[in-house]
Protein chains: 4
Amino acid sequence: MRVKDDIKNSKIYQATISLTSRVGLAGLTMANIAQAAGIATGSVYTYYSSKVVLINEIYKQTLSRYEERLYDDIAFDDAVDVNLRKVFLNYMHYLQAYREEWIFQDQYYFSPYAVKNHDMQQTTDAMFLPLTQILEQGQSIGLIKPVPTNYFIYLLHGFGHEVSAAVHMGLETFDEILIENSFSLYWSAIKQ
Amino acid sequence: MRVKDDIKNSKIYQATISLTSRVGLAGLTMANIAQAAGIATGSVYTYYSSKVVLINEIYKQTLSRYEERLYDDIAFDDAVDVNLRKVFLNYMHYLQAYREEWIFQDQYYFSPYAVKNHDMQQTTDAMFLPLTQILEQGQSIGLIKPVPTNYFIYLLHGFGHEVSAAVHMGLETFDEILIENSFSLYWSAIKQ
Amino acid sequence: MRVKDDIKNSKIYQATISLTSRVGLAGLTMANIAQAAGIATGSVYTYYSSKVVLINEIYKQTLSRYEERLYDDIAFDDAVDVNLRKVFLNYMHYLQAYREEWIFQDQYYFSPYAVKNHDMQQTTDAMFLPLTQILEQGQSIGLIKPVPTNYFIYLLHGFGHEVSAAVHMGLETFDEILIENSFSLYWSAIKQ
Amino acid sequence: MRVKDDIKNSKIYQATISLTSRVGLAGLTMANIAQAAGIATGSVYTYYSSKVVLINEIYKQTLSRYEERLYDDIAFDDAVDVNLRKVFLNYMHYLQAYREEWIFQDQYYFSPYAVKNHDMQQTTDAMFLPLTQILEQGQSIGLIKPVPTNYFIYLLHGFGHEVSAAVHMGLETFDEILIENSFSLYWSAIKQ
DNA sequence: TATGAATGAGGGTTCATTCAT
DNA sequence: CATGAATGAACCCTCATTCAT
């Protein structure tokens with residue numbers, strides 16, 4: 001039973017994320033989700049007790065996947081520039097592969113479903129702690145500009161999203177060159 | 001006879017933008033809008049024939065205000081670095097003052113209301129043409145890196161949004177220092 | 001002022017009748033009526049205090065016109081068969097010229113606006129009294145079948161409506177032949 | 001799972017017909033229908049996707065029942081006068097038993113819901129084809145007047161409705177005598 | 001008096017949720 | 001446990017009526 005359940009749960013997740021990326025939370029209905037997941041409307045309630053719960057659970061799941069990806073293959077005793085490049089690449093790849101997740105998060109953030117509590121903020125902070133540590137390490141050896149590390153995170157985030165959006169709008173092609181050009185600009189911005 | 005009222009129209013605009021920034025398009029109802037605008041539900045239909053029309057009209061209005069602001073006080077025969085700084089500052093100020101507009105646009109983009117046609121893309125392209133020209137001018141005099149100007153626009157956009165978001169989350173204070181630090185990083189990224 | 005008022009009143013009457021014949025009472029709105037009458041919505045209320053009053057007033061007006069027409073040019077001391085033919089012709093011409101009135105009456109009768117009181121029934125009875133007298137006169141001289149005169153009225157009514165409807169549907173042409181054929185059948189039915 | 005219910009469908013049909021006969025299409029609401037059918041408002045939409053669809057579907061259903069009844073128990077190789085009497089009786093009984101259906105049809109015809117297309121006309125034509133054939137057969141053997149058969153149909157229709165209306169208004173009693181008197185007049189009209 | 005914008009109750013419809021099968 | 005019909009609150013929208021101009 002467990003395996004079967006997990007498969008359905010996963011289908012609901014995918015259906016929700018995918019639908020939201022196409023029609024926003026404003027166009028999301030339980031019937032839609034069920035249909036896209038290939039199950040009956042009522043069955044969704046076996047997995048999530050309500051729409052609010054469903055959306056919040058799925059939001060949390062997206063956060064988990066996010067963190068997992070961001071620090072993939074990072075060895076914290078590697079050189080700062082190596083790690084930064086890796087995090088940047090990880091982020092770009094995450095945005096490319098999980099764009100729907102990002103759209104979902106974005107839609108969620110300003111929706112009536114969002115639980116605007118401190119937990120969430122703390123989760124986000126925690127998520128960027130490793131990156132902050134890498135950046136501070138870079139500052140301590142004079143490799144990176146001595147401005148608050150937050151700026152570098154804003155830059156990473158914002159730039160990444162925009163490039164990713166451009167790719168998904170068909171304005172750019174997601175390839176080696178794109179990533180190298182992007183990282184090159186990023187590095188120009190933060191390096192001492 | 002009572003005359004159709006620009007003030008009421010403006011209140012509907014404000015109410016829509018403001019509500020969307022708080023509860024997203026998913027939480028937006030005609031009754032909400034009317035109440036926030038201080039008029040009767042039915043009166044909204046004197047100004048906009050349906051919810052779809054209302055949302056699309058208001059979306060267009062936000063685009064107009066956006067463009068207007070972006071090139072405020074720009075003299076195109078000024079020096080490239082002067083103009084770039086001005087555009088950057090304009091953008092930061094726009095995001096600060098019109099954050100709700102930006103949230104509305106963001107919510108709109110992935111909603112069932114979005115008209116995904118070429119007109120919209122063309123409008124956006126046209127909006128960035130002046131900035132592109134400034135950047136190309138900078139490249140022609142060897143002041144700016146010879147990479148496609150799109151990258152610089154992604155950087156401006158993304159960075160701006162993230163900094164602005166941080167301000168509105170209370171993580172940063174919107175002041176001279178913030179803007180100078182931000183522009184400084186931006187300039188490091190794009191300058192030759 | 002009186003003349004002007006009467007003109008507007010008449011326009012409201014025509015608009016109401018005409019609209020009802022096209023879209024039924026279910027499709028009738030005060031705004032429609034006003035527009036078709038070439039006046040402002042609010043102005044209708046100068047002449048009729050509410051929609052219910054308007055519809056009932058206009059219903060009564062249709063009844064008056066009806067009676068007026070039915071006995072047009074009848075001399076009650078003429079021969080029975082002459083008078084019957086005249087009433088028949090009058091009725092056919094009334095239905096032809098005032099078909100919209102008839103549709104209005106028909107729609108009214110089963111609508112929530114209908115005042116189902118005895119007054120109406122009495123009015124209708126009174127309307128047919130002269131015809132009944134003609135028919136009874138015919139029976140007394142052995143010209144007409146000795147069945148209750150009601151039957152002859154049902155026959156006149158029903159047949160007339162159907163022929164008229166056929167004309168308006170384009171199935172028949174309203175001319176001498178049609179009327180003669182029709183009356184001929186009617187006369188076959190009632191004559192001794 | 002609960003299964004779509006023919007009984008509920010039938011209740012919706014009855015509720016719609018019955019309500020329309022009392023308050024017209026102008027007084028018909030989906031909430032009314034649901035209440036009269038003993039189900040929830042939303043449930044009506046499980047069976048009919050909109051009010052327009054509901055009204056049109058039910059209109060078609062009334063036509064089917066109509067035809068079915070009109071030729072009940074007719075053997076087309078019986079004598080013309082026998083068949084004519086039967087059709088007449090069938091029609092009178094139909095009008096008596098299904099008066100609400102007739103009112104519904106009447107209200108429908110001039111409503112904004114009516115689909116005024118050729119299909120409808122063709123359906124009606126087809127419905128009267130058998131009767132026309134009986135009448136023509138009667139003409140060919142010199143039993144019936146050589147006037148276009150349409151007239152006899154107008155007469156049947158119109159007379160029937162008026163007599164039926166009189167019954168329902170309490171002016172006549174629906175019994176053997178009424179029917180015999182009526183048919184007798186009808187036969188006088190059409191016989192050679 | 002004439003106008004048509006303003007009002008808000010009420011209608012058509014959707015959809016989260018429940019529940020019989 | 002899965003299904004999808006049933007429910008009814010809440011949505012979008014209409015329209016009779018009012019009222020400022």
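Only this structure's heavy atoms are used, side chains among them; waters, hydrogens and symmetry mates stay out. Reminder, nothing fancy here: chain letters follow the sequence lines and each chain counts from 1.
D/Q14 has its side chain within reach of D/E100: a pair of non-hydrogen atoms, C-beta onward, lies under 4.5 Å apart. When side chains are defined from C-beta on, A/E101 counts as touching A/Y13, because their heavy atoms get closer than 4.5 Å. Between A/I39 and A/T46, the closest side-chain pair of non-hydrogen atoms is not below 4.5 Å. The shortest side-chain heavy-atom distance between D/I55 and D/L28 falls under the 4.5 Å cut-off. With contacts defined as side-chain heavy-atom distances shorter than 4.5 Å, the pair D/L25/D/F104 qualifies.
OP1 or OP2 of E/dT1 has not a single side-chain nitrogen or oxygen of C/K8 nearer than 4.0 Å.
Atom CG in D/D6 sits about 13 Å away from atom P in F/dA5, given to the nearest Å. In this structure, B/M30 atom CE and E/dT13 atom C1' are separated by 15 Å, rounded to whole Å. Distance D/N32 CG to E/dG10 P: 13 Å, rounded to the nearest Å. For C/I33 and F/dC15, the CD1 to C1' distance is 12 Å, given to the nearest whole Å. Here E/dG11 presents its C1' atom at 14 Å from CD of D/Q35, a figure rounded to the nearest Å. Rounded to whole Å, atom P of E/dA16 lies 12 Å from atom CG of A/L25. Summarising the geometry, the separation between CG on D/N9 and C1' on F/dA5 is reported as 13 Å, rounded to the nearest angstrom.
Among the protein residues, D/L28 comes within range of the sugar-phosphate backbone only, with heavy atoms under 4.0 Å from sugar or phosphate atoms but none that close to a base.
Listed by residue number, B/I39, B/A40, B/G42, B/S43, B/T46, B/Y47 are the residues of residues 38-52 of chain B with a heavy-atom contact under 4.0 Å to DNA chain E.
Comparing B/V3 and B/Y113 against DNA chain F, the residue whose closest nucleotide sits nearer the 5' end is B/Y113.
Distance from the side chain of D/R2 is smallest to E/dT18 among F/dA2, E/dT18, E/dT13.
Between the CD1 atom of C/I12 and the OG atom of C/S43 there is a distance of 8.0 Å, given to the nearest 0.5 Å.
Here the shortest heavy-atom pairing between D/Y109 and D/A114 reads O-CB, 3.8 Å.
When atom types are taken as modelled, the side chain of B/N32 and the backbone of B/G27 share a donor-acceptor pair closer than 3.5 angstrom.
Partner of D/Y59 under the ring pair (Phe, Tyr, Trp, His ring centres under 6.0 Å) criterion, chosen from D/Y108, D/Y66, D/Y48: D/Y108.
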Where does DNA chain E pair, written as one dot-bracket string 5' to 3', with Watson-Crick or G-U pairs under 3.5 Å, ( ) inside the strand, [ ] for crossing pairs and | for another strand? .||||||||||||||||||||
